[in-house]
Q: 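Structure in structure tokens, see below.
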Amino acid sequence: MDLKLDHYTEGDCEIVAVEGEIDVYTAPRLRELLIDLVNKGNFHLVVNMEKVEFLDSTGLGVLVGGLKRVRAHDGSLDLVCTQERILKIFRITGLTKVFGIYDSVPEAIEARRSQK
Amino acid sequence: MATVELIISALPAHVRTARLVATAVARRIGLAGSTLDEVRLAVGEACSRAVEAHRAHCPGEPVRLELSDHAGRFEVVVADNAPGGQEALQRQVPTQVGESALPDVLAPDVGLAVIAGLADDVDFDATPSGMRVRMSWPAVPATQTSGNPA
């Protein structure tokens with residue numbers, strides 16, 4: 001499956017819904033979207049990965065790049081993911097310590113509110 | 001020993017093709033569940049690294065994969081013809097990405113770390129003329145599986 005991207009605003013967060021495979025072929029599209037959102041002033045992003053079927057290190061690199069960009073504006077980039085096969089690559093690379101990873105979008109938004 | 005050989009052009013779109021073929025062959029050999037996910041991700045990482053290396057150094061040359069059922073193991077070899085593999089290995093495969101210095105993108109070496117974390121057995125053989133990534137997992141005899149043929 002190819003990559004489907006959507007985004008919508010919820011509170012002060014921009015939710016990025018990702019569906020499909022994030023790899024060396026599709027990751028540039030996600031990178032462009034994250035850069036575009038940050039350039040338009042969205043500094044608190046939640047990337048919903050519940051419908052992601054595949055994620056490799058190229059995709060991780062895009063998420064890390066997005067995190068770096070929002071942090072430059074004192075922003076945040078959190079993830080929603082409960083799939084073990086996706087979480088595994090975050091654990092292998094140690095990125096579970098870098099990203100906030102939540103079970104649902106409401107949980108991620110609530111965590112963001114409590115950090116204010 | 002049954003072997004499937006695959007030759008792909010150094011194009012990102014074909015990395016997915018390689019993943020699909022590797023997963024199909026692994027399933028036919030009897031691998032299942034989380035091991036199939038490991039094969040898919042590890043082969044994808046190896047092919048992504050090889051394709052990116054070829055695009056930088058020799059875009060006209062193809063990347064080669066060998067998938068085989070060998071001595072009770074499912075073995076995948078991804079071979080490229082690009083220089084730079086030795087340097088990548090000498091930099092030591094990073095095991096973790098630190099929070100203190102977030103890179104804009106992750107270095108290709110992270111892909112090697114992911115492969116090392118996923119494959120049951122792995123060997124990186126880098127020469128000036130290219131790198132061979134050999135990874136393997138224990139194979140399950142096909143008679144013990146009830147899955148659909150790949």
Side-chain angles (χ1 to χ4, degrees), chain A residues 1-3 20-32 34-35 38 45 49 52-79 81-101, chain B residues 8-20 22-23 32-56 63 88 93-119 122:
Chain A
M1 181 182 194
D2 203 356
L3 184 68
E21 301 187 339
I22 311 173
D23 67 1
V24 67
Y25 179 56
T26 60
R29 287 176 49 208
L30 178 58
R31 178 184 294 122
E32 287 171 15
L34 295 179
I35 290 173
V38 173
L45 306 178
M49 306 184 69
V52 170
E53 297 172 358
F54 181 83
L55 172 74
D56 68 6
S57 62
T58 316
L60 288 181
V62 169
L63 294 172
V64 169
L67 180 62
K68 185 180 176 182
R69 282 185 171 81
V70 293
R71 281 193 176 170
H73 299 277
D74 295 323
S76 62
L77 190 155
D78 295 319
L79 307 175
C81 182
T82 60
Q83 299 186 73
E84 182 54 36
R85 64 180 176 180
I86 302 296
L87 292 171
K88 192 171 189 172
I89 190 169
F90 284 95
R91 289 200 197 96
I92 289 173
T93 54
L95 286 170
T96 47
K97 301 169 191 166
V98 176
F99 290 103
I101 302 178
Chain B
I8 60 170
S9 299
L11 296 172
H14 291 331
V15 172
R16 181 169 186 261
T17 306
R19 286 202 310 267
L20 290 172
T23 306
S34 62
T35 309
L36 270 183
D37 290 332
E38 291 175 4
V39 168
R40 188 161 73 131
L41 183 51
V43 170
E45 292 289 352
C47 290
S48 293
R49 197 207 66 79
V51 164
E52 289 300 309
H54 271 221
R55 291 176 78 195
V63 171
V93 175
T95 54
Q96 305 264 292
V97 178
E99 187 173 7
S100 57
L102 287 175
D104 211 34
V105 294
L106 296 184
D109 307 4
V110 172
L112 299 179
V114 172
I115 294 168
L118 290 172
V122 66

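Chain letters run A, B, ... following the sequence lines, proteins first and then strands; every chain starts at 1.
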Q: Under a 4.5 Å heavy-atom cut-off, does chain B meet the side chain of L55(A), its backbone, both or neither?
A: backbone
Q: Using non-hydrogen atoms only, which part of R40(B) is less than 4.5 Å away from chain A: side chain, backbone, both, or neither?
A: both
Q: Rounded to the nearest 0.5 Å, how far does OG1 of T58(A) lie from CZ of R49(B)?
A: 12.0 Å
Q: Working to the nearest 0.5 Å, report the span between CD of E45(B) and CD1 of I92(A).
A: 9.0 Å
Q: Testing the basics here: between G111(B) and S57(A), what is the closest heavy-atom pair and its distance to 0.1 Å?
A: CA-OG, 3.9 Å
Q: With R16(B) as the cation and Y25(A) as the aromatic partner, state whether NZ or CZ is under 6.0 Å from the six-membered ring centre and within 45° of the axis.
A: no
Q: Considering the options D56(A), T93(A), I89(A), which one meets the side-chain contact (heavy atoms from CB on, under 4.5 Å) requirement together with V110(B)?
A: T93(A)
Q: Return the minimal non-hydrogen interatomic distance between V15(B) and V24(A), and the atom names on each side.
A: CG2-CG1, 3.7 Å
Q: With a 4.0 Å cut-off, would you call K88(A) and D37(B) a salt bridge?
A: no
